[in-house]
Enquirer: 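The structure under discussion is supplied below as structure tokens; questions concerning it will follow.
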Amino acid sequence: MQFSLAQVKFLAGSHREALVLFEPLAHHYTDRYGDHDEQAQLCWYYAAQCRMELGEAIAAIQAFDRVSEATPTSDDEDAVNRYLDALARLMGLHAASENLPQALHVGERLLSETSRLRGCDWPGLGQIDAYLRRLRQDLG
């Protein structure tokens, strides 16, 4: 019930109210079922999204890090989407906070994981690679 209410608040754009619900749920599911529990991962993902929407970059990075620690199997499409999106958001958040070495590190992981989970011919790989080239140029 709490999760459904949190989702409604998130979809309505009430990110602070959704966050107040998602984070305790994330802790509850993690404590009870472990870091790799799907419901825990979903709550951490939404908490990270809320933090990002609220402009709380450091807290968003910490929450997206938790999501990115649980490597999904390729047959769980929802988990794969969350995982790859978390990596992409981490790369962007690190770049926005001018931590370019970490953005590059996460981006290289995103490229590798996307290739592994989506296949070497997935169309989005070119965009990731182009972004990584720009990061490398910025690093000099």
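Quick note: residue numbers are just sequence positions, from 1.
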Enquirer: For Ala95 and Leu135, work out which heavy atoms get closest and say how close.
Expert: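 Reported closest heavy-atom pair: CB-CD2, 4.4 Å.
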
Enquirer: Looking just at side-chain N and O atoms, do Asn99 and Ser97 make a donor-acceptor pair shorter than 3.5 Å?
Expert: no

Enquirer: Minimum heavy-atom separation for Ala40 to Thr30, with atom names?
Expert: CB-OG1, 3.5 Å

Enquirer: Please list, chain by chain and in numerical order, all residues satisfying salt bridge (charged side-chain N to carboxylate O under 4.0 Å, His left out) with Arg109, sequence neighbours excluded.
Expert: none

Enquirer: Looking at every heavy atom in both Ala60 and Leu93, which two are closest together, and how far apart are they?
Expert: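 Minimum heavy-atom contact is CB-CD1, 3.9 Å.
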
Enquirer: Salt bridge or not for Asp129 and Arg133, using N-O below 4.0 Å?
Expert: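 Between Arg133 and Asp129 there is a salt bridge, with a charged N closer than 4.0 Å to a carboxylate O.
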
Enquirer: Mind checking what makes ring pair (Phe, Tyr, Trp, His ring centres under 6.0 Å) contact with His27, not counting sequence neighbours?
Expert: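 Listed in chain order: Trp44.
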
Enquirer: Walk me through it: do Gln39 and His28 pass the test side-chain contact (heavy atoms from CB on, under 4.5 Å)?
Expert: CA-CA 10 Å; Gln39 198 66 27; His28 168 76; over 6 Å; no

Enquirer: Nearest 0.5 Å, what's the OG-CG distance between Ser112 and Leu117?
Expert: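 These two atoms lie 9.0 Å from each other.
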
Enquirer: With a 4.0 Å cut-off, would you call Glu77 and Arg118 a salt bridge?
Expert: yes

Enquirer: Please give me the minimum heavy-atom distance between Leu125 and Gly119, naming the atom from each residue.
Expert: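 In this case the closest contact between Leu125 and Gly119 is CD1-O, 3.5 Å.
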
Enquirer: Do you know the tightest heavy-atom contact between Val67 and Ala86?
Expert: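 In terms of heavy atoms, the two residues are closest at CG1-CB, 3.7 Å.
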
Enquirer: Look up atom NZ in Lys9 and atom SG in Cys50, then write down how far apart they are to the nearest 0.5 Å.
Expert: 11.5 Å

Enquirer: Taking atom CG of Leu84 and atom OG of Ser68, what is their separation to the nearest 0.5 Å?
Expert: 11.0 Å

Enquirer: Can you confirm whether Glu98 is buried at CD, in the sense that more than 12 heavy atoms of other residues, nucleotides or ligands lie under 6.0 Å from that atom?
Expert: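 At most 12 heavy atoms, drawn from other residues, nucleotides or ligands, come within 6.0 Å of this atom.
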
Enquirer: Between CG of Leu132 and CG of Leu139, what distance do you get to the nearest 0.5 Å?
Expert: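 Leu132 CG to Leu139 CG: 10.5 Å, rounded to 0.5 Å.
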
Enquirer: Using the rule that two of Ile, Leu, Val, Met, Phe, Trp, Tyr join whenever any of their side-chain heavy atoms come within less than 4.5 Å, decide whether Leu104 and Leu90 are in one cluster.
Expert: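 Yes; tracing contacts between hydrophobic side chains, which count when under 4.5 Å, links both residues.
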
Enquirer: Do the side chains of Asp85 and Arg89 get close enough for a salt bridge, i.e. N-O under 4.0 angstrom?
Expert: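 Yes, charged N to carboxylate O under 4.0 Å.
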
Enquirer: If every non-hydrogen atom of Glu23 is compared with every non-hydrogen atom of Arg51, which pair is closest and at what distance?
Expert: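 For Glu23 and Arg51, the tightest heavy-atom pair comes out as OE1-NH2, 2.9 Å.
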
Enquirer: Please determine whether salt bridge (charged side-chain N to carboxylate O under 4.0 Å, His left out) holds for the pair Asp138 and Arg134, giving the CA-CA distance in whole Å, both sets of side-chain angles, and the decisive distance to 0.1 Å.
Expert: CA-CA 6 Å; Asp138 290 344; Arg134 284 197 316 255; over 6 Å; no

Enquirer: Any salt bridge between Arg116 and Glu113, counting N to O under 4.0 Å?
Expert: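 Salt bridge: yes.
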
Enquirer: Tell me yes or no: between the side chains of Gln49 and Tyr45, is some donor less than 3.5 Å from an acceptor?
Expert: yes

Enquirer: If you group Ile, Leu, Val, Met, Phe, Trp and Tyr by side-chain heavy-atom gaps below 4.5 Å, do Tyr29 and Phe22 land in one group?
Expert: yes

Enquirer: Same cluster for Phe64 and Leu87 if Ile/Leu/Val/Met/Phe/Trp/Tyr side chains link at under 4.5 Å?
Expert: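 Hydrophobic grouping puts Phe64 with Leu87.
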
Enquirer: Hydrophobic cluster membership, with links at side-chain heavy-atom distances under 4.5 Å among I/L/V/M/F/W/Y: are Trp122 and Leu110 in one?
Expert: yes

Enquirer: With the 4.5 Å side-chain cut-off for hydrophobic clustering, are Leu11 and Phe3 part of the same group?
Expert: yes

Enquirer: Is there a donor-acceptor pair under 3.5 Å between the side chain of His15 and the backbone N or O of Gly13?
Expert: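 Yes.
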
Enquirer: Kindly compute the distance separating CD (Gln41) from CZ (Arg66), expressed to the nearest 0.5 Å.
Expert: 8.5 Å

Enquirer: Considering only heavy atoms from C-beta outward, does the side chain of Glu108 approach that of Arg136 to under 4.5 Å?
Expert: yes

Enquirer: Could you walk me through whether Leu5 and Met1 pass the side-chain contact (heavy atoms from CB on, under 4.5 Å) check?
Expert: CA-CA 6 Å; Leu5 178 59; Met1 184 87 149; 5.9 Å; no

